[in-house]
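Notes follow the structure.
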Amino acid sequence: MATRTWAEPYKIKMVELIKMTSREDRLKAVKEAGYNTFLLRSEDVYIDLLTDSGVGAMSDRQWAGLMMGDEAYAGSRNFYHLRDTVEEYYSYRYTVPCHQGRGAENILSQLLISAGDYVPGNMYFTTTRLHQELAGATFVDVIIDEAHDPVSMHPFKGNVDFDKLNALLDEVGADKIPYVCIATCVNMAGGQPISLGNLKQLRAWCDKHNIMLVHDMTRVAENAFFIQQREDGYKDKIIREIVYEICDLTDAATMSSKKDAMVNIGGFLAMNDEKFYEKACGLVVVYEGLHTYGGMAGRDMEALAIGITESVQDDHIRARVGQVQYLGRILREAGVPIVNPIGGHAVFLDARRMLPHIPQEQFPAQALAAALYVESGVRSMERGIVSAGRDSKTGENRKPKLELVRLTIPRRVYTQAHMDVTADAVIEVMKHSSEIKGLRFAYEPEMLRFFQAKFEEVE
Ligand code: P61
């Protein structure tokens, strides 16, 4: 990673006030929220690192774009602007707007999956896997082993392991694999990139076996940055070129534009195949809206089109990832166990090593996220056994190797001082970590349980 400055390529024109609460208030709030940071009120949070989704700061140009909304039910000007921008920057010929990423996942899964199919991917994502399962498929993790190891320094932990992929092919046959689903900057692995070398190999594998390659491009620009920094032959390419090259290797994509593209809401399904596009248009009207708005307002499509162009600027992405790395380095130097290498959108605390006295069945990462909130008002997110949910066939808890707390940095929102305060809070919690208690479920929803589950302390 280059050590040159990552100073923000913008200045601040408007601010949103936040306030610190007392420890007593936070204890009350966390108990009411059942020790689940998703159930806290945002007003009770000081620094909100729950997610980088829909919480980025839009630019003045994006806000101006909102005023240019063409809210016609059909054929909005903003749709054509968005479609042309997607093709220009991301290569995909056809765009179906959706209200957010999971809307696109729903349509994709329903169209491509038949009951009994298998979908290989580079680590699961919660909503992606659920939609695959609801459509009748089994998700198969084909990411390299290093991705499950928080201390491995592999530069491309998002890479696919072809032994795993070939083993699945041998076992079930190509007919049972409708597509391979590849995420850029793999979220659950710690924001870890896939290399272009690996992706090119995967393209060839998919061509050989006549299997589609679908791209979860939610954080493609951050992935491109790591390729520029780490992969031979890319240091002189600009982010925009690398993003295009990644997308161009794949057949279709789902996008949650609430991340990379810095809008508060929106997403899309994009593809090159005209027949597939026609089918997607047929389903989007059932679940989202007409194919020229698909659940988005015209103004939001305009802000998204502008956000895409900003998201691939080299100075933007250097500052964005630079800020994440800044927080990660302070924590690492203080001896806090984190996932290495530091990811693109978040710093992930390794709850197994921070709370060795709490067994995984008592949700150490959930307990750590709650404790960090009580200590400091910093909100983070569990990414461990609670997020992994239960096996859809056996009903048993899945036990992921990674038991993590995610400190997710919204784009263009917080300052270096906020990162310092966050680091101090984590270091303080670590000093008292032996006092943190394990948790048990008080309420467990059936699907995506982490969003609404409630817990109580194990005495
Ligand atoms: C997040 F706790 N991510 O990281 P939607 N693919 C990928 C995502 O990161 C993603 C979606 C698809 C969120 C929001 C969120 O378990 C959770 O626009 C790589 O959120 O529908 C979303 O896109 C889905 C948080 C989602 C979660 C699911 O914070």
Side-chain angles (χ1 to χ4, degrees), residues 36-40 42 48-56 97-109 119 121-134 139 143 147 158 181-194 214-223 246 252-270 287-288 294-296 300 304 307 324 343-348 365-366 369 379-389 398 400 402 404-411 413 445 447-453:
N36 185 348
T37 52
F38 279 105
L39 299 181
L40 290 167
S42 141
D48 202 349
L49 307 185
L50 179 72
T51 180
D52 61 335
S53 181
V55 290
C98 295
H99 75 283
Q100 57 184 73
R102 70 198 76 175
E105 289 170 347
N106 174 36
I107 293 169
L108 174 86
S109 305
V119 180
N122 55 349
M123 201 173 271
Y124 86 99
F125 186 70
T126 53
T127 57
T128 319
R129 181 176 62 192
L130 179 62
H131 280 295
Q132 291 162 357
E133 288 176 352
L134 289 172
F139 168 79
I143 205 166
C181 180
I182 284 305
T184 31
C185 246
V186 182
N187 193 348
M188 301 300 283
Q192 304 293 329
I194 179 170
V214 177
H215 176 200
D216 179 340
M217 60 175 298
T218 298
R219 296 183 181 83
V220 65
E222 289 161 11
N223 198 116
I246 295 171
T254 56
M255 171 67 152
S256 168
S257 47
K258 302 168 74 172
K259 286 83 170 173
D260 251 12
M262 294 173 287
V263 286
N264 301 124
I265 194 71
F268 55 78
L269 173 63
Y287 293 104
E288 305 277 321
M296 290 180 78
D300 291 325
L304 169 53
V324 178
H345 67 305
V347 177
F348 289 72
Q366 189 78 34
R379 170 153 71 171
S380 57
M381 183 194 291
E382 192 265 8
R383 294 279 83 167
I385 186 169
V386 179
S387 296
R398 293 170 164 127
L402 297 175
L404 309 174
V405 167
R406 188 179 77 172
L407 299 166
T408 337
I409 314 301
R411 295 166 186 77
V413 170
M447 287 186 280
L448 303 177
R449 63 184 183 181
F450 53 87
F451 280 133
Q452 289 142 344

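Just so you know, ligand 1 is whichever comes first in the structure, and atom 1 is the first atom listed for that ligand.
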| Near ligand 1, which protein residues have a heavy atom under 4.0 Å away? |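 Under the 4.0 Å cut-off, ligand 1 touches Phe38, Thr51, Ser53, Gln100, Gly101, Arg102, Glu105, Phe125, Thr126, Thr127, Asn187, Asp216, Thr218, Arg219, Ser256, Lys258, Lys259, Met381, Arg383, Arg406, Phe450, Phe451.
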| query | Are Arg379 and Asp48 within salt-bridge range, i.e. N to O under 4.0 Å? | reply |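 Looking at Arg379 and Asp48, the cut-off is met.
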| field | CG-CZ distance between Asn36 and Arg449, expressed to the nearest 0.5 angstrom | value |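 The CG atom of Asn36 sits 11.5 Å away from the CZ atom of Arg449.
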| message | So Thr37 and Glu382, do their side chains get closer than 4.5 Å, heavy atoms only? | response |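 The answer is no, as the side chains (C-beta and beyond) never meet within the 4.5 Å cut-off.
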| field | Passing option when Pro193 is tested against Asn223, Val186, Val220 for side chain to side chain contact (heavy atoms under 4.5 Å, CB included) | value |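 Answer to the side chain to side chain contact (heavy atoms under 4.5 Å, CB included) test with Pro193 among Asn223, Val186, Val220: Asn223.
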| Cation-pi check, Arg383 onto Phe450 ring (under 6.0 Å, within 45° of axis) |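 Judged by the rule, Arg383 and Phe450 form a cation-pi pair.
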| request: Would you please test His215 and Thr184 for side-chain hydrogen bond (donor to acceptor under 3.5 Å, both in side chains) and show each step? | output: CA-CA 7 Å; His215 176 200; Thr184 31; 2.9 Å; yes
